[in-house]
Structures are given as C-alpha cells and as structure tokens.
Amino acid sequence: MPRRLIKRAELPPTAIEQADARPEVLNVTWAGDSLLVVERDPDGSTRIRNERAPYCAFVETLIVGPEFARALRNDIRVHEVREEGKYTRISFKRRDQCLDICQALQGNGMPTYEGDVNPVRRWMTDRMPRLGNHRIVYLDIETDSRLPFSRKEEMRVLCWAIEGADGVRKVGVLEENTDAAEAQLLQRLLNELQRYDLIAAWNGDRFDFPVLQARFEKRRLSFVAARWLWLDQMVIFQRMNMMAAESGEEKTSFKLGDIATALLGEGKDDFDAAKTWEAWHAGGDERRRMVRYCVKDTNLLKRVEEKTGYIGLLHTLAETCNVFPDTRGANPTIQAEGFLLALGAAQGYRFPTAKVGIHSEKYKGAYVMEPQCKGITKNVHVADFAGLYPSIIVTWNMSPETLVQGELHKQLSDEYAQTGKVPWGYSYVTLTGCFFRTDVEGILPRAVKEVMRLRKYWNKLKASLPPGTPEWVAANRKATAYKIAANSFYGVVGSPLSRFFSRDVAESVTQAGAWLIIQTIDAATARGMTAVYGDTDSVFIAGTNRTEFEVFVEWCNVDLYPAKLVELGCPENLIDLAYEKEFERVVFSCAKKYAGRYVHFKGTAATADSKPEVKGLEFKRGDSLRLARNFQAEVVDLLVGMTNGGHEDPLTFVEVVERWQQRILHGELTLEDVQLSKRLNKELGQYAQKVKNDGEMGRQLPHIEIAKQLLARGHDMGEGVKVHYFIADAKHPDGPLYLAAEDWQGQCDRWEVWDRMVYPPTERLLTAAFPTFDWAPWGKTRPKMPRKRKVKEEAAE
DNA sequence: ACCTGTGGCCTGCTTC
DNA sequence: GAAGCAGGCCAC
C-alpha cells in the first residue's frame, strides 16, 4: 500500500481563489425577507442593495419525479422549482414555510437537503462571491462613567477616536453636554466611518458596538449597521493567542493595557477610565488627557494587529471558508460550514437538512496514559502522529454518509465475527465496531484532502519566496488558514449543534487514534522498550537510544501500520508517526503535567538558551497565584533548566522551599502577588445555586460571590469578564473570607497563601521528582487554633 | 442566529 | 476525611 497518495501540491488552487473582476462583496446581512448586500465596484464606489432572501431546500430529482414537481410548482408557498442535475431546488416565499415543508417531506420518507441553511449562507454558497478587501479602522469611545453598561441608552458619548490601517487618525470630542452636540459628534463619526468597511474595537461586542448602536438610535441618526463588519478584536486575540501563550502570566488578563504591555512593551496612557465624566467636565488639560488616552487606545489596537497579524489571518480564513471576517466568522463551526457547503456545491453534493433539537450522550475521546515512571526519568524519546485526526478521516474514509448503519451494519458485524476478516469494500474501526464504505470517497475526506492540497501549495510557494516579504506573509497566512481549517473538521463533526454532527463518526475518529497509539505502545514494549506516557497522538518511550528509536518509528510507518490498516480495509494510508524529540530528563507530576529538558528537538540539539518544556503545571495557568507561579518556575529551572538545572539532591530544593516560605509568611506581599483571577464563563444569573439542608442559600464559588458584589457596585460583570480577588481570612467565623482585588488593604491570610495556594502545586512536583523524600512538613505553617470549647461546657459556666 | 470535541487535574462547597 | 458536584483551565 502506498504511504502517500496525495501528490497534487504542484496543482494551482481552485478557481475560487483566482482573482476576478467581479465586484468585491463587503457584507451580506439578513433583514426581514431581504438581504442587504454591500458591494464595491472596481472603480471604488460602495453601495448597499436589496435582494430577496433565498429560502431554499433541495430534493433528489429522481425521487421527486415530474408529477410531484408540478404539484410543488402549484403550491402557493413555493416560489420556484428548478432542476439542477441530481438535485431539484425548491425556493420558498417564507422561511417558516421552507422549514415546515422540509419536515413534512421528511415525514413522508423523502429526504431533503440544506433546507435549514441560513439565507446569507445560501446566497454565499450559490454565488461564491469575491470577498472584499476590507478597509480596516480601529475604534475606541469614551462614555459617561457615571452610568453602568446596563444603562447604555442613557450613556452620553464623550469622545471617539479612530485610526485607519492606513494610519489616518480622526478624533471627535463632545462640545457641550446637550443632545444636539452629541448628535453632531456622532454624525461626524458616521461620516468618517464611511471610508472603511471593517470596524475593530477591543471588547467591541460587549461595549463599544452596542453603546454606539444605542446612541445612534437615541439621537435618531440614520444608520445602517449592515454597512460594516463589526469585529471584536479581543475575541479573535483570545482565540488565536490560546495556541501561542507561553506562561500563565500572559493569561491572567485580556485587558488591552496588559496585552499591549506584554506584546509591545508599552501600555495605555495613565488615565483613570472610571473618571471620564469628571475629566470631560473639568475641561482643559483634564479633558485633553482623556482624549489622548482614547487616541492612544486605537493606536494600540492597530499596533497589536501589526504585531500579531490576527485580523489578517482571520481575513484569509474567511476567504478560504467563504464567510465574512467579523466576530461571528471567527467561529470554527461557521468556518467549517462555509467551507463544506461551498465544496459540496462545487462538486455537486448537498448536505441533509439539519435536524433540530438533537442532544446526545458524550462520546469517548482520546487515550491518555497514566505516567508509568517515578522520579527523574532520563533519555525519554517522543514520537507523535502528524495531523492525526485529519489523516484518520482520510485513511478510513470516515464521513457521515459513508458510515454504515442499520441492517447492513448488523450483517457486516456478523460476517466479521464469523470470518475474522473485514468484509471487502468497507473499513473497520476496532474500538467502536463501526464500518465505513470505501467504494465512494466521503465528502469529509474529500474536504480534508482539498485542504491538505492547498496547504501544501501555499507552503511550497512560501518556501520559494524571500522570508518576511508581503508575498511571503500572505502565503504563510494561507498555509496557516488551511491548517486551522483542517483541524476544525473533526470538532465540527463532534458538535451536536453542527449540521455535520455524527456521534459515531466522531467517536470512530478518536477511537481509531486510541487504537493506533495502543498498537504503537505494544510494538515498542515487544521490542524491550518502555512506554512511560502518551496523550492522544504522542508516545513517550524510555529504555532505548536515538538510533534504535528512529529505526522503530520508520518500521511503524513502513510495516506495522500499513499491514494493520490493510487488514482493517482502509482504502489508503496517511498515518505518519514522526520522531519529534528526546528529553535528557523529564519529571511527570501526573497525566498532562510534566517538565523536561531536551537533548534535541526534531534533530536540532538543545543549546544553553533552550527553554525547558513545561506542560499543565500551575506555572502555565492563569488562575494561579503569581507567587505560586514564580516559586514553581524557580524549582522547574533547578530541576530541568538548561543552565541552572540538573540538580538531583533534594536538599538543594529544601533551601528554596524555606526561602519562599519565609518570604510569604514574613516578607512584603503586593496584591499582584496574591490575587487569583478567574473568568465568568456564564452570565451571573446562570450559575447554579443550591439550597442547603438548613434552608439557607448555599455559598457559590468565591469568584462568583465576588462578581455579585462588584456588580452591585456598578461594575460590568457580564460573561467573559475576569474576576480578581484574594483570600483575606480562611478561618473567619462566617467561613472563608475572600475579597475583591479592589478592596486590597495590604493584608491577606499569609498562612493560607502558603499552605494552600503556593506550596501544594510545587510540593506535588517535588514529590514527583523525589518520591522517597517527605515534603509534607513544610506545608503546615498555620498555628494550631486553641480548641473550641464545647457548647455544653460554655453553658455550664 | 450564544455554542468545535473529550480527558484530566484541581479547588471550593456541602453532606455524610 | 471521603464523596459528589460545579466550575475553571489546561493538554491534546
């Protein structure tokens, strides 16, 4: 069996990607029964036009037959019936009628296709328009600080600042505290925005955009939101940065000031944003400072983009997936839907109408091995599967429509049980018992292959260009966009809310992966090596050397997998194990938590400034104490650091532990040292609240209780907000006392900070590295409380 | 039309 | 102190 079937990287991209002379489409929005289409002609003129919203469903031409087609044409709800080859398109006058008829046809055993597709997506899929080259503008506004966000309708806008990607800056300041002056201020903003197509603001979806919308309406300005794409730059930063963040410190805050400081080495202007009203009211220098602060913010937004290129990448992804680069277009489901519907349409394939209200049991996921080694383990070799899930999808030809179901599945299972051989024409997944037909290529494997082909094309082009040039950056973005798209397919198949959901397919993907790892571990063990760890797509092997392990990996690729996959009926083989790195030493705290230092990474020898690899430890977590992170970082450095590391005497670490213990119990502590940060992942009201057995309301988690307090003080405490707090007194008579960070007075519960928050994470790591040494005694610093007297004794007095 | 997935560790709260 | 639950964040 050939190891590689895809050799099409030389071919040019599809026609979709080639430049054309059609108008650029900047935005399409669904309003009532029409679509608002924003377009720009080659001469640069922009216009908004109305189109009838397309409400369509497809049926199979062969099944529907000419007579039923006639009946449909005579139905008053039907606008048009058109045969388009294999499928017949039925257009409806209203969306609810389209959905009703789909359900009725489905009930009568006539399958319908794509009947639930949103009209904007329908339009995009039918047209495959040329995505506009959106002119980007960064925006920030300052509003009356005396009002909370919940009263945005009454919240006067005090000033605005915009900066185009081209560097053009404009500012507007409220002249006087009157409605007329504000109307004038906002009208100027609207005029300036006409030159742009995409508006980016930090936290824009939760603040700037809704406030502006509310104020435009309040001041009765004529305003069509659909003219622009609205992009919350913070949301895409969070999404794209998730993959890149190195330490926990970077994750504690998504405030623009903190991000800019970390990224650009320069934060926001020194100005208290909670005092905008006072600053505006004072006028003069105070007011000018507020305006400067606002201008600086928009400039930071622009520079964050120049540094990260995330909006540029989003635009490329949007182009690739036939969606718009706004906040919504950053969702993987939206991207995958856009890509798959477009690919299906181009290849004459339509997807079944999505069923509503499916909810399903969770399915089994990846294989994670308990670490099999204690202490400091030397010379551990790591191999992983390249693009595991996409390659499984192609190798087994897994797709919702190639999955064998019902009676045939039973027949094939019986046949397999009797003969011990996978029936011809099908592939088999051992751990789920699912079969996939292999006589036709599934739409999902087809999509994965197309994405892989295009990724190769752009990578090859990138390699031919001088690094850093605009052409190189563009090719790099294209390649990255395709990689992201390829990885999102599996998640979308596993999501019950997506139209491509198939529990069996998703579980077969993960279980084929688990099976592959287990085969690999078994083979390594049979050769006398020791598998010490593995997670999803990786194996960690000790008791071998570099040459032997290289030979083993090659043998897996050339012999082991091909033979096993033929037995399972796989039509091709994209499975590829790659030797990634060797750890000189590695310490496992538990599954998903370890630290190690390299001998080499992908063949390149580690140098004195190579950083150790740290996974999952509190050092990497944004919700741990800074003191806990710094303490653990020092211990990690002594354990596995390149220049300071390599210590193997526990007493070296005892000194460090005692120094940190003294510092925390007696030294100076700042708020930043001891505060915890946790996100609100729901609206405050959505959190479960229990009633205790005694009838009182139970306590909620500290960050939720604190968030309620802050809300009462007028802070915005919506979903996504990070709550900062600290432990003031763990032994307070009314139960543990947590306080909001803003209530910091320089005091906290030092014993609690050390015993419960700072020491345990590192204690676990030390115990993992030196299992025979007792690390517990350093963790009990709180003095014993005088024993509480029993109520009886008290009463007797 | 809020919404990619599962596996795993850990904390805080309540009850037994 | 153990067990069960909610919730957050991380590995993949």
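Letters A, B, ... mirror the listed sequences (proteins, then strands); counts begin at 1.
Among the heavy atoms of the strands, none lies under 4.0 Å from F385(A). Residue contacts for Y367(A): at a heavy-atom cut-off of 4.0 Å it reaches no nucleic acid atom on any strand shown. Nucleic acid contact class of T510(A) (heavy atoms, under 4.0 Å, all strands): none. Using a 4.0 Å heavy-atom cutoff across all strands shown, F489(A) reaches no nucleic acid atom at all. Residue contacts shown for G491(A) include a base, since a base heavy atom lies under 4.0 Å away. Counting non-hydrogen atoms under 4.0 angstrom, K678(A) reaches the backbone sugars and phosphates but no base. Here S495(A) lies in heavy-atom contact (under 4.0 Å) with sugar-phosphate atoms only. Counting non-hydrogen atoms under 4.0 angstrom, P702(A) reaches the backbone sugars and phosphates but no base. Nucleic acid contact for N693(A): sugar-phosphate only, since backbone atoms but no base atoms lie under 4.0 Å from a heavy atom of the residue. The residue Y738(A) sits close only to the backbone: its heavy atoms come under 4.0 Å of sugar-phosphate atoms, none of a base. Among the atoms of the strands shown, none is found under 4.0 Å from any heavy atom of A506(A).
You'll find that the side chain of R679(A) is closest to dC9(C), out of dG5(B), dC3(B), dC9(C). Side-chain atoms of K692(A) lie closest to dT14(B) of the nucleotides dT14(B), dC12(C), dG7(C). Nearest nucleotide to the side chain of E618(A), out of dC10(B), dC3(B), dG8(C): dC10(B). Residue P496(A) has its side chain nearest to dG5(B) when only dG12(B), dC3(B), dG5(B) are considered. With dG7(C), dC9(C), dG7(B) as the choices, the nucleotide that has an atom nearest any side-chain atom of D623(A) turns out to be dC9(C). Comparing atom distances between the A688(A) side chain and each of dG8(B), dA1(B), dA6(C) picks out dA6(C) as nearest. Listed candidates were dC13(B), dG7(C), dC9(B). Nearest to the side chain of H703(A) is dG7(C). Among the nucleotides dC9(C), dG5(B), dC12(C), the one closest to the side chain of Y594(A) is dC12(C). Nearest to the side chain of C590(A), among dT4(B), dC9(B), dC12(C), sits dC9(B).
For K682(A), a side-chain nitrogen or oxygen approaches OP1 or OP2 of dG7(C) to under 4.0 Å. Using a 4.0 Å cut-off, no side-chain N or O of N681(A) falls inside it from OP1 or OP2 of dG7(C).
Under the Watson-Crick and G-U wobble criteria, each requiring two contacts below 3.5 Å, nucleotide dC2(B) is left unpaired.
Going from atom CE of M757(A) over to atom P of dG8(C) covers 16 Å, rounded to whole Å.
In this structure, K364(A) places its NZ atom where only 12 or fewer heavy-atom neighbours from other residues, nucleotides or ligands lie under 6.0 Å away.
Annotation: cation-pi pair K682(A)/Y687(A) present, NZ/CZ under 6.0 Å from the ring centroid and within 45° of its normal.
For I704(A) and K615(A), each mapped to the nucleotide of DNA chain C holding its nearest heavy atom, the one lying further toward the 5' end belongs to I704(A). Mapping S589(A) and R699(A) onto DNA chain B by nearest heavy atom places S589(A) closer to the 5' end of the strand.
A salt bridge is defined here as a Lys NZ or Arg NE, NH1 or NH2 lying under 4.0 Å from an Asp or Glu carboxylate O, and E450(A) with R446(A) fails to meet this definition. In summary, R679(A) and E719(A) do not engage in a salt bridge, as defined by a charged side-chain N under 4.0 Å from a carboxylate O.
Residue side chain R621(A) reaches the base of dC9(C) through a donor-acceptor N/O pair under 3.5 Å, judged by distance alone.
Ring geometry for F207(A) versus F149(A): interplanar angle of 30 to 60°, hence tilted. Relative ring orientation between F631(A) and W754(A) is described as tilted, the plane-to-plane angle lying within the 30° to 60° band.
Axis deviation across the helix from dG5(B)-dC12(C) to dC16(B)-dG1(C) amounts to 10°, comparing end segments of five pairs, rounded to 10 degrees.
Between the side chains of Q675(A) and Y725(A), no donor N or O sits under 3.5 Å from an acceptor N or O.
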